[in-house]
Amino acid sequence: AVTRAYTTACVLTTAAVQLEFITPFQLYFNPDLIFRKFQIWRLITNFLFFGPLGFSFFFNMIFLYRYCRMLEEGSFRGRTADFVFMFLFGGFLMTLFGLFASLFFLGQAFTIMLVYVWSRRNPYIRMNFFGLLNFQAPFLPWVLMGFSLLLGNSIIIDLLGIAVGHIYYFLEDVFPNQPGGKKLLLTPGFLKMVFDTPEEDPNYNPLPEDRPEHQPRGQDQNEQQHPQ
């Protein structure tokens, strides 16, 4: 659900720019306009625009959807609140870096961060890049950075995504397992209330009509004949 929501927002933002409902100048990251003009939406919209329709846009959308979905359905399965917290943590670090660098759109860095976290959590998966390169998953972010360099793009965005992805991976997966280490990234309770399904209350006492002994005998026999 989170993956679909984010990719849909990216596509709709790009479509709105293509149809000239809005312009990139209304979306890009600009600290002065954010803090002096209170254009707070720029903190979010700079992660949603990946440039005009073209090869670069579709390339980013494919990787964003693929690896974001694999994370959500893999290591974050049943942990939607933790998944959303990773989004917020990564976005916060990238925004801090953006205050000191002339970066206007951070969506590509966010995609690389997701790819990095997935690749470190699946280190033994063999990858094939356009049928040209064979490598293991942890090298994928660096391969993507090299491909971006071949396309003539700046690699600063890719390096930012790798750096933030590594910080999250280290704090979440490495440091807690070290001698004397502990879990530092704690998902706020309000996110768990909003996104995670509450566990069943062990002290819940069902109504009499909901108890097994009050179910019709035919229903019990049918359930015994057709176990799920």
Side-chain angles (χ1 to χ4, degrees), residues 1-10 43-44 46-48 50 56 59-98 101 103 105-129 133-149 153-178 181-188 191-192 194-196:
V2 176
T3 300
R4 284 198 301 269
Y6 182 45
T7 52
T8 299
C10 293
L43 291 171
I44 299 175
N46 79 90
F47 287 98
L48 302 180
F50 285 78
S56 180
F59 183 80
N60 275 291
M61 285 298 100
I62 290 172
F63 271 81
L64 172 62
Y65 183 79
R66 175 178 173 81
Y67 291 98
C68 190
R69 181 180 178 183
M70 286 197 294
L71 272 178
E72 185 175 12
E73 297 179 354
S75 58
F76 285 100
R77 186 175 184 86
R79 300 167 50 220
T80 304
D82 294 337
F83 191 52
V84 172
F85 183 63
M86 182 187 69
F87 272 54
L88 297 176
F89 178 79
F92 175 74
L93 288 186
M94 292 178 192
T95 299
L96 282 182
F97 186 84
L103 301 177
F105 294 101
L106 298 171
Q108 183 176 334
F110 196 83
T111 299
I112 294 294
M113 180 197 76
L114 296 174
V115 171
Y116 185 91
V117 174
W118 175 87
S119 69
R120 294 303 298 264
R121 289 183 172 179
N122 298 273
Y124 302 111
I125 293 182
R126 297 289 299 174
M127 310 290 296
N128 182 283
F129 191 72
L133 291 175
N134 291 302
F135 52 89
Q136 289 183 292
F139 291 99
L140 179 58
W142 304 100
V143 171
L144 293 180
M145 186 181 72
F147 183 70
S148 180
L149 185 62
N153 300 325
S154 172
I155 62 172
I156 294 179
I157 287 288
D158 299 80
L159 287 174
L160 174 61
I162 290 173
V164 173
H166 182 73
I167 292 172
Y168 176 84
Y169 171 74
F170 179 81
L171 294 178
E172 181 70 11
D173 295 11
V174 178
F175 184 69
N177 298 317
Q178 298 295 315
K182 63 178 181 179
K183 187 175 176 63
L184 299 177
L185 299 180
L186 301 176
T187 303
L191 287 179
K192 294 186 177 182
V194 173
F195 293 102
D196 286 351

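Everything numeric in this text was worked out from a predicted model, so none of it was measured.
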Exam field: side chain Asn122 to backbone Ser119, donor-acceptor pair closer than 3.5 Å: no
side-chain contact (heavy atoms from CB on, under 4.5 Å) evaluation trace for Phe76 with Val84: CA-CA 10 Å; Phe76 285 100; Val84 172; over 6 Å; no
Sequence-distant partners of Phe47, ring-ring contact (aromatic ring centres under 6.0 Å, His included), two or more places apart: Phe110
For Asn177, side-chain hydrogen bond (donor to acceptor under 3.5 Å, both in side chains) partners two or more places apart: none
Atom CD1 of Ile44 with >12 non-hydrogen neighbours under 6.0 angstrom: no
Results of side chain to side chain contact (heavy atoms under 4.5 Å, CB included) for Ala101 - residues two or more places apart only: Phe97, Leu103
Heavy atoms from other residues, nucleotides or ligands near CZ of Arg126 exceed 12 (cutoff 6.0 Å): yes
Trace of the side-chain contact (heavy atoms from CB on, under 4.5 Å) decision for Leu114 with Met86: CA-CA 9 Å; Leu114 296 174; Met86 182 187 69; 3.3 Å; yes
Arg4: side chain to side chain contact (heavy atoms under 4.5 Å, CB included) partners, not counting sequence neighbours: Ala1, Tyr65
Partner set under side-chain hydrogen bond (donor to acceptor under 3.5 Å, both in side chains) for Thr7, not counting sequence neighbours: none
Euclidean distance, Leu191 CG relative to Leu186 CG, rounded to 0.5 Å: 12.0 Å
Min side-chain heavy-atom separation Lys182-Leu184 under 4.5 Å: yes
Phe92, CZ atom: more than 12 neighbouring heavy atoms under 6.0 Å: no
Qualifying salt bridge (Lys or Arg N to Asp or Glu O under 4.0 Å) pairs, either residue in residues 161-174, two or more places apart: Arg79-Glu172, Arg121-Asp173, Glu172-Lys183
Gap separating the CZ atom of Phe195 from the CZ atom of Phe85, nearest 0.5 angstrom: 13.0 Å
Enclosure of Phe139 CZ (heavy-atom neighbours >12, cutoff 6.0 Å): no
4.5 Å side-chain heavy-atom contact, Phe87 and Tyr6: yes
Approximate separation, where rounding is to 0.5 Å, of Ile125 CD1 and Phe135 CZ: 11.5 Å
Ile112 side chain near Met145 side chain, heavy-atom distance below 4.5 Å: no
N/O donor-acceptor pair under 3.5 Å between Ser148 side chain and Leu144 backbone: no
Set of residues satisfying side-chain hydrogen bond (donor to acceptor under 3.5 Å, both in side chains) with respect to Thr3, sequence neighbours excluded: Glu72
ring-ring contact (aromatic ring centres under 6.0 Å, His included) partners for Phe147, two or more places apart: Phe59, Phe129, Phe130
Atom pair CG/CE of Leu106 and Met113 - distance to nearest 0.5 Å: 11.5 Å
side-chain hydrogen bond (donor to acceptor under 3.5 Å, both in side chains) partners for Glu73, two or more places apart: Arg69
Sequence-distant partners of Phe105, ring-ring contact (aromatic ring centres under 6.0 Å, His included), two or more places apart: Phe49
Show me the donor-acceptor pairs, under 3.5 Å and distance only, between side chains in residues 155-171 and residues at least two apart or in other chains.
| unit_1 | atom_1 | unit_2 | atom_2 | d |
| --- | --- | --- | --- | --- |
| Asp158 | OD1 | Gln108 | NE2 | 3.3 |
| Asp158 | OD2 | Gln108 | NE2 | 3.4 |
| His166 | ND1 | Tyr116 | OH | 2.7 |

Partner residues of Met61 under the side chain to side chain contact (heavy atoms under 4.5 Å, CB included) criterion, sequence neighbours left out: Cys10, Val11, Phe50, Phe57, Leu64
